Amino acid sequence: GLAAGESAIAIVPGWSGLTGQVQLDVKSIAYGRLPEVRGLQGWAVIQPQRMALEKMTARLGTEDGRLQLDGEIRFAAGDPQPYKSNFDLEVSAFEIGPVFKAMDPGKPPTVEGRFDLHGQAEGAGRTLGELIRQTQGNLVLQSRKGISRLLARPAPPPPRSTGIVSGVANSAARLIDNIGEKVGKMVAYTDSTEEIAGMLSEVQFDQLNVRVSRDPSLNLRLTEFSLVSPIVRVQGERIITHKPDLPLFNQPLKLTLSLGVMGTVEKAMTQAKAPMLSTNRDELGYLKSTDPFDVVGTLDKPDPGQLYTV
């Protein structure tokens, strides 16, 4: 719907009276710690019923990173939603690690590696503001080599009391709760679990594919998440809930994943008699888990704690 201060359906475009085109040639664009955009070139075009960015190209981050963008907004008087938009984005060899590092310089990036991205978006609205809010699309990210820390075990919470007696009591209470509740998937706080946690803390992957779409509520839906490595295979889907006052990497995350293991991780989990393992293998030969688990938190600080909870 219309936001405060927006008028009803327009009969002329918001850029009425302006026409022309500008050839862009920008040496560098820098914003905080984010990767630098260099050599931005292309055309900005304004016509009576159309605004467009045409043949936009740039280097993104590293010398190998490339960006291509074409997009337009059209206006059709008399249409109930006179503003229409369409955008097409292609990015190749983009180093994603520096983006995570820019969000939180004090921790290792959640994901590192070079990604290819393909995105398409379109929208319709009664005003330019509504058009921007209602623009939806899809984004596909693919990488053939990198590091994932998505399954790194979170640090334990600080004790609630500094007193020795209360500390012991709290530990005992937590132990009783853990034994009493069949919540988690792995036997926690054992040598085997420490070994497994170390293996999963930094997973060298061979493939990582992510497909993201933006729904009408502006949530980001991960309709595909697939990570393949020599020791684990992770698949899943879920949602990043839209919060207008938070940057993307700090939006609430809930990702439901299934785990497959082989090699050293399979051996360690089998020796630990991890109850999450089934006796079935998937089509690639990974030993499958019995149930999925949730990763919550944010993209910047994912929390796969359910994987490590009894």
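Only a predicted model underlies this, so the values are computations on that prediction, with no experimental measurement involved.
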Side-chain touch [X]/[Y], heavy atoms, less than 4.5 angstrom:
X: Leu277; Y: Thr270; answer: yes
X: Leu220; Y: Gln251; answer: no
X: Met51; Y: Val45; answer: no
X: Arg144; Y: Gln207; answer: yes
X: Leu253; Y: Val296; answer: no
X: Leu53; Y: Leu69; answer: yes
X: Tyr286; Y: Val228; answer: yes
X: Leu67; Y: Phe94; answer: no

Return yes if some donor-acceptor pair links the side-chain N/O of [X] with the main-chain N/O of [Y] below 3.5 Å, else return no.
X: Ser16; Y: Val12; value: no
X: Gln134; Y: Ala124; value: yes
X: Thr290; Y: Met276; value: yes
X: Trp43; Y: Ala52; value: no
X: Asn209; Y: Gln142; value: no
X: Ser213; Y: Gly137; value: no
X: Thr110; Y: Leu150; value: no
X: Arg214; Y: Thr135; value: yes
X: Ser278; Y: Lys288; value: yes

Verify the cluster assignment for [X] and [Y]: are they in a single hydrophobic cluster under the rule of side-chain heavy atoms below 4.5 Å apart?
X: Val210; Y: Leu139; value: yes
X: Val111; Y: Leu34; value: yes
X: Val140; Y: Ile240; value: no
X: Leu284; Y: Val232; value: no

request  = Measure the spacing between CG of Asp104 and NZ of Lys301 and express it to the nearest 0.5 Å.
outcome  = 5.0 Å

request  = Run the numbers on Arg281 and Glu266 for salt bridge (Lys or Arg N to Asp or Glu O under 4.0 Å), then give the verdict.
outcome  = CA-CA 11 Å; Arg281 295 189 181 273; Glu266 178 186 343; 2.6 Å; yes

Any carboxylate oxygen within less than 4.0 angstrom of a Lys/Arg side-chain nitrogen, looking at [X] and [Y]?
X: Lys145; Y: Asp206; answer: no
X: Glu112; Y: Lys101; answer: no
X: Glu195; Y: Lys267; answer: no
X: Arg238; Y: Asp294; answer: no

Derivation and outcome, salt bridge (Lys or Arg N to Asp or Glu O under 4.0 Å), residues Asp79 and Lys84 = CA-CA 10 Å; Asp79 192 306; Lys84 301 287 193 299; 3.3 Å; yes

inquiry  = Between Arg38 and Glu63, is the salt bridge (Lys or Arg N to Asp or Glu O under 4.0 Å) condition met? List the steps.
reply    = CA-CA 9 Å; Arg38 292 175 291 167; Glu63 285 294 325; 3.2 Å; yes

query = So, for Phe75 and Tyr83, is the gap between ring centers shorter than 6.0 Å?
reply =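 Judged by ring-centre distance (under 6.0 Å), Phe75 and Tyr83 do meet the cut-off.
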
Residues forming a ring-ring contact (aromatic ring centres under 6.0 Å, His included) with Phe100, sequence neighbours excluded =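 Testing Phe100 for ring-ring contact (aromatic ring centres under 6.0 Å, His included), a comparison that skips the adjacent residues, returns Phe249.
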
key: Set of residues satisfying ring-ring contact (aromatic ring centres under 6.0 Å, His included) with respect to Phe87, sequence neighbours excluded   =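 Expected list: none.
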
Does atom [atom1] of [X] have more than 12 heavy-atom neighbours from other groups under 6.0 Å away?
X: Arg33; atom1: CZ; value: no
X: Lys243; atom1: NZ; value: no
X: Glu122; atom1: CD; value: no

inquiry  = Please list all pairs meeting side chain to side chain donor-acceptor pair (under 3.5 Å) that have one or both residues in residues 223-234, counting only residues at least two apart or in different chains.
reply    =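 As it turns out, the side chain to side chain donor-acceptor pair (under 3.5 Å) pairs with a partner in residues 223-234, which skip direct neighbours, are Arg233-Asp282, Arg233-Glu283.
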
inquiry  = Walk me through whether Arg153 and Glu194 qualify under salt bridge (Lys or Arg N to Asp or Glu O under 4.0 Å).
reply    = CA-CA 10 Å; Arg153 184 168 64 174; Glu194 291 295 334; 2.7 Å; yes

request  = Compare every heavy atom of Pro230 with every heavy atom of Met262, then report the nearest pair and how far apart it is.
outcome  =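 Smallest heavy-atom distance, with atoms named: CG-O, 3.2 Å.
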
